[in-house]
Q: 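Take this structure first; my questions come after.
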Amino acid sequence: MTDDSPSARGVYGIAVAAEMVGVGEQTLRLYERKGLLTPNRTAGGTRRYSDDDVTVLLRVGELLSAGLNLAGVRHVLALETSNDELRAQLAHVLGVIEQRE
DNA sequence: CTTCTAACA
DNA sequence: TGTTAGCA
């Protein structure tokens with residue numbers, strides 16, 4: 001599934017992404033090791049954070065301040081993405097049904 | 001820029 | 001446990 005949407009392509013270096021979210025660079029690397037996100041890498045191996053990644057990082061900050069630990073955040077993010085997928089599929093199915101009527 | 005290690009609250 | 005600083 002190659003994602004060519006612009007939000008998944010606006011890439012920043014780790015220093016820029018860290019400043020946007022308001023955390024240190026080491027923290028972003030920790031988030032990746034904990035499985036919270038997987039930013040794209042250049043051929044040389046440097047991380048490239050997209051606008052979608054930044055959005056996720058901001059959501060991570062909300063969940064952390066809500067009292068969750070990183071393991072909890074990882075689960076919530078997984079549930080939220082699957083939930084979005086289900087909503088999209090439901091909207092599609094409802095659209096198909098509506099056209100048959 | 002990268003990973004790794006150690007220290008702090 | 002999560003974050004930060006320093007090193008290679």
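For clarity, every value in this text was computed on a predicted model and none was experimentally measured. Every chain is numbered from 1, with letters handed out A, B, ... down the list of sequences.
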Q: Where along residues 64-74 of chain A does a heavy atom fall under 4.0 Å from DNA chain C?
A: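 The stretch gives A:L64, A:N69, A:L70 as the residues lying under 4.0 Å from the strand, ordered by number.
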Q: Measure the spacing between CG of A:D53 and CG of A:N40 and express it to the nearest 0.5 Å.
A: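 It is 7.0 Å, given to the nearest 0.5 Å.
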Q: Taking CG from A:L63 and C1' from C:dT1, how many angstroms apart are they, rounded to a whole number?
A: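 It is 16 Å, rounded to the nearest whole Å.
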Q: Please tell me if the side chains of A:R48 and A:Y12 come closer than 4.5 Å, counting only heavy atoms from C-beta onward.
A: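 No; the side chains remain at least 4.5 Å from each other.
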Q: Return the set of residues passing side-chain contact (heavy atoms from CB on, under 4.5 Å) with A:S82 (not counting sequence neighbours), or none when no residue passes.
A: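 For A:S82, no residue satisfies side-chain contact (heavy atoms from CB on, under 4.5 Å) once neighbours in sequence are set aside.
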Q: Listed by chain and number, what are the side-chain contact (heavy atoms from CB on, under 4.5 Å) partners of A:V93, not counting sequence neighbours?
A: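 So A:V93 forms a side-chain contact (heavy atoms from CB on, under 4.5 Å) with A:I97.
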Q: Fill in the dot-bracket string of DNA chain C, one character per base: . for unpaired, | for a pair to another strand, ( ) or [ ] for pairs within the strand, taking Watson-Crick or G-U pairs under 3.5 Å.
A: ||||||.|
Q: When you compare the side chain of A:V11 with that of A:Y49, does any pair of heavy atoms fall below 4.5 Å?
A: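 Side-chain contact under 4.5 Å: no.
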Q: With heavy atoms of chain A within less than 4.0 Å as the criterion, where does contact along DNA chain B begin and end?
A: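 The contacted stretch runs from B:dC1 to B:dC4.
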Q: Please check the phosphate of C:dT4 (OP1 and OP2 only) for any side-chain N or O of A:T27 closer than 4.0 Å.
A: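 Yes, because at least one side-chain N or O of A:T27 sits under 4.0 Å from OP1 or OP2 of C:dT4.
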Q: Can you sort out the partners of A:E25 under salt bridge (charged side-chain N to carboxylate O under 4.0 Å, His left out), two or more places apart, ordered by chain and number?
A: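 Listed in chain order: A:R29.
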Q: For A:L64, enumerate each residue passing the side-chain contact (heavy atoms from CB on, under 4.5 Å) test, keeping only those at least two apart in sequence or located in another chain.
A: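 A:L64: side-chain contact (heavy atoms from CB on, under 4.5 Å) contacts with A:Y31, A:V60, A:L70, A:V73.
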Q: Under the rule for salt bridge (charged side-chain N to carboxylate O under 4.0 Å, His left out), what residues qualify as partners of A:R41, not counting sequence neighbours?
A: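 A:E32.
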Q: List every contact pair, protein side and nucleotides 5-8 of chain C side both N or O, where the distance is under 3.5 Å.
A:
from  : atom 1 : to    : atom 2 : distance (Å)
C:dG6 : O6     : A:Q26 : NE2    : 3.2

Q: Rest of the hydrophobic cluster containing A:L90 (Ile/Leu/Val/Met/Phe/Trp/Tyr, side-chain heavy atoms under 4.5 Å)?
A: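 Members other than A:L90 - counting any ILVMFWY side chain reachable under 4.5 Å - are A:L94.
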Q: According to the side-chain hydrogen bond (donor to acceptor under 3.5 Å, both in side chains) rule, which pairs have a member within residues 85-100 of chain A, sequence neighbours left out?
A: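 Every pair satisfying side-chain hydrogen bond (donor to acceptor under 3.5 Å, both in side chains) with a residue in residues 85-100 of chain A: A:N83-A:R87.
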Q: Are A:L57 and A:L28 close enough that some pair of their side-chain heavy atoms sits under 4.5 Å apart?
A: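 Yes, at least one pair of side-chain atoms sits under 4.5 Å.
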Q: How would you list, by chain and number, every residue that makes a side-chain contact (heavy atoms from CB on, under 4.5 Å) with A:R59, sequence neighbours excluded?
A: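 In terms of side-chain contact (heavy atoms from CB on, under 4.5 Å), with neighbours along the sequence ignored, A:R59 is linked to A:E62, A:L63, A:L77, A:E80.
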Q: Between A:Y31 and C:dG2, is there a side-chain N or O to OP1/OP2 distance below 4.0 Å?
A: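 The answer is no; no side-chain N or O of A:Y31 sits under 4.0 Å from OP1 or OP2.
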Q: Given that A:T46 and A:R33 both sit by DNA chain B, which one's nearest nucleotide is further toward the 5' end?
A: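 Its nearest nucleotide being more 5', the pick is A:T46.
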Q: Rounded to the nearest angstrom, tell me the gap between atom CD in A:E25 and atom P in C:dT4.
A: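 Value for this atom pair: 11 Å.
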Q: Looking at A:T27 and A:V23, would you say the former's side chain and the latter's main chain have a donor-acceptor pair under 3.5 Å?
A: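 Flag not set: sc A:T27 to bb A:V23 has no pair under 3.5 Å.
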